[in-house]
Amino acid sequence: MPLSRKGQNNKFYFKTFSGLKGIEIIDELYPHIEAVAIESEKMLEAETMIPGTYEVICSPHVTGLIAHEAFGHGVEMDVFVKGRAKAVEYIGKSVASELVTMHDGSKSAAHVSSYLFDDEGMFGKDTIIIDKGILKTGISDVLSALKLGTPPTGNGKRQSYEKKAYARMTNTIIASGNDKLEDMIASIEFGYMLIDMESGMEDPKNWGIQCMLLKGVEIRNGMLTEKIVSPIIMTGYVPELLSNISMVSDDMDIAGSGMCGKGNKEYVKTSDGGPYIKTKARLG
Amino acid sequence: MLDRIINILKNECISDWKVIQKQTEANELFFIRNNIDMPRLKKVNNISITVYKDFEEFGNNYRGSSTINIHPTMNEEEITTAIKDAIFSASYVKNQYYPLPISSNIIIGSLDSQFHMSPLVEWMPKIKDALYKEDRFQNGYINSAEIFLNKNFNRIVNSRGVDYSYIDFVGHIEFITSWKDTGEEIELYKELMFSDFQPESLTSASKEMLEMSREKAATRPTPQLESLPVIFLGEPVAELLKHYYTQSNAQSVYLQLSTSKPQESIQGDRILGDRINMVLDPAISNSPASSPIDADGFVLSSQNIILDGILQKYWGTTQYCYYLDVEPTGNIGNMVFSCGSKSIAEMHSEAYLEIAAFSDFTLNSVTGDFAGEIRLGWHFDGKSRVAVCGGSISGNIYKLQTNMYLSKEEQQCTSKELHQALYYKGPKALMLYNVSVAGN
């Protein structure tokens, strides 16, 4: 994460590296250092986002953040038991564009939250949460599954041996589609490519979403411009955001360098990602 | 076990060492509505060892360090092997040299708390009763709660004669309040941390959240607003003012994350609003961040850091204060900010947007950028006050801090920080101008 400074203007940029890997990750990092430093300098020219609703293309890491906050936390089934999940009313119903299929599971990808069995001894699975826009199921630990009369999905995870197991996400991804990124950019007259994520917050009861993003690049007349905006806060109503998805690229990239909390505690490793998606979003 | 570890360390060829022992006894209760879903008890003994290895390269002195955890079942041979591995790792860590705190004649004691008076298990129903005391509304209720009460025995020993121990208590509650009137049921989240039994503060917190939930159930979408002052109320104020805590920290300065300089304004030039005053006090009652010493064994005392917007001195650990060639203050987790010139009623004298709950309010202290999605606020257009939610606010503290007003009313609350308890005592409300609002 290089910092850049010009007078009172301080900016930074970062690139993360993660996976089921060891020391080789250091070798992967080296070739990117100069480019990340240059990006950090470019961030000094970033402009402030003018609040509004825009057509946007989300990068795979932003797509992953949306998946994680929208129908990741929202379908952790311990919140079903507590009556906190709006998702309960929508099982079998449309919650997203039919271009959207979303997975979670230790077997949904080979990444930082892949394992043979969870912290309660249940085999890891690949759970399809949303299938072509239809909400199919949630993800659960053993106790939640017992109370709900549903099969456990191998999502019982704990921060350490000292902690209780909760229903937690693993590798959460939106599946790739058939569109090409260049066609997606070409389809936008005025909007933004949203590139890097910083943090997010869920709202399982009322389906709000907050995504803090580091960088956006303006799209004008179907082409990326030189104009950068930073930072960006993306908010909205989850089904609206997902229903507005009109193009899904054939890419796939997953990131797992961060930690996921439950409330303000219980930090565990998760990964999330997906393809580029085109939707409409409220940006500030 | 600590004596065995220290004997092993004394026989190794290392420059310095530090051992931290934390024995935790915990009671935990998980509630759905007001019924226990799961009780848990915990008793664990965590010991960590840090070894320091000094070396010289091209005339420069370096100090490498490595930290390992020792498990209670490890035998002497396993501990020795783990320490030797740590020494090997430390020899590759190339930090500038810094000294460890040395022994002093100061006697430290355990922190005052009613929790000393009886076993943890006897406090749990009292905490639950205090939290649920105001859970008596027809349309609103506490949906769920998690209550944790930890008793920690802490001991720090180092190779420079430091050997301090004390007992502290950390209480932690997370709870969800829900409300349903004619529309959709809504919920709000709240986290509380404490170190003493103050039932009235727990009761008032849950009552406040239930009342806020009632207001949220009747909100309208936040409108698109321009040129309106924004009043931050409650915990977001702590997150905003924490910026000055971070900017005055020696580590932030050393890493060039802060350009603050002593005897200069930390609040920018031409200040029109209230000036910041910040004291770090390691002994605030009921704060889980209160501590007689820091994690290096440095004995803590109250420190005046910012006076009338002027940075008086940096605060920080022995290591980073040594790097900056300033007196160390140790790592203090309690921030105390002086209250300001306006009452909340005075802040309400003109049109405003007031925000009491965000999805997740964040401020990046390097860039100064802050933002958050509004979960509950009020818009006053000069005639009527309407509860609002949705949309977001954003701004940059470096651009807005010169015209900032602090309330006369005070609050105490926890400030979110990954893996470290921070505690805030200071203004309950803060008003900024020219904050960007993304409404509907």
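In the text below, chain A, chain B and the rest are named by the order of the sequence lines, each starting its count at 1.
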Query raised in the report: Between Ser144(B) and chain A, which part of the residue has a heavy atom less than 4.5 Å away: side chain, backbone, both or neither?
Result: side chain

Query - Per-residue contact mode, Phe148(B) against chain A (heavy atom under 4.5 angstrom) - result: side chain

Query raised in the report: Is there side-chain contact between Lys11(A) and Val366(B), with at least one heavy-atom pair below 4.5 Å?
Result: no

Requested in this report: Could you tell me which residues satisfy side chain to side chain contact (heavy atoms under 4.5 Å, CB included) with Lys86(A), sequence neighbours excluded, listed by chain and number?
Outcome: Glu89(A), Tyr90(A), Trp207(A), Tyr237(A), Glu184(B)

Report task. List for me each residue that meets side chain to side chain contact (heavy atoms under 4.5 Å, CB included) alongside Glu185(B), sequence neighbours excluded, and say none if there are none. Result -> Lys205(A), Tyr141(B), Ser178(B), Lys180(B)

Query raised in the report: Checking Leu257(B) against chain A: side chain, backbone, both or neither under 4.5 Å from a heavy atom?
Result: both

Report task. Would you give the length of the straight line joining atom OH of Tyr189(B) to atom CG of Asp203(A), rounded to the nearest 0.5 angstrom? Result -> 13.5 Å

Query raised in the report: If you take all heavy atoms of Lys265(A) and Glu174(B), which pair is closest and at what distance?
Result: CE-OE1, 3.1 Å

Query raised in the report: Between Lys147(A) and chain B, which part of the residue has a heavy atom less than 4.5 Å away: side chain, backbone, both or neither?
Result: side chain

Requested in this report: Answer with side chain, backbone, both or neither: which region of Ile32(B) has an atom nearer than 4.5 Å to a non-hydrogen atom of chain A?
Outcome: side chain

Requested in this report: State the CE-CG distance between Met212(A) and Asp360(B), to the nearest 0.5 angstrom.
Outcome: 8.5 Å

**Report entry** Interface moiety of Arg33(B) toward chain A, non-hydrogen atoms closer than 4.5 Å
**Finding:** neither

Requested in this report: Select one option (side chain, backbone, both, neither) describing which atoms of Leu255(B) are under 4.5 Å from chain A's heavy atoms.
Outcome: backbone

Report summary line: To the nearest 0.5 Å, atom OG1 of Thr367(B) lies from atom CE of Met43(A) at 9.0 Å

Query raised in the report: Counting a contact as any heavy-atom pair under 4.5 Å apart, which residues of residues 62-83 of chain A contact chain B?
Result: Val81(A), Lys82(A), Gly83(A)

Requested in this report: Quick one: list whatever passes ring-ring contact (aromatic ring centres under 6.0 Å, His included) with His379(B), sequence neighbours left out.
Outcome: none

Query raised in the report: Which atom names give the shortest non-hydrogen contact between Gln210(A) and Ser359(B), and what distance separates them?
Result: OE1-CB, 3.3 Å

Query raised in the report: Rounded to the nearest 0.5 Å, what separation is found between the NZ atom of Lys399(B) and the OG1 atom of Thr48(A)?
Result: 4.5 Å

Requested in this report: Measure across Ile233(A) and Ala371(B) and return the closest heavy-atom pair with its distance rounded to 0.1 Å.
Outcome: CD1-CB, 4.0 Å

Query - Smallest separation among heavy atoms of Gly284(A) and Ser392(B), with atom names - result: CA-OG, 4.3 Å

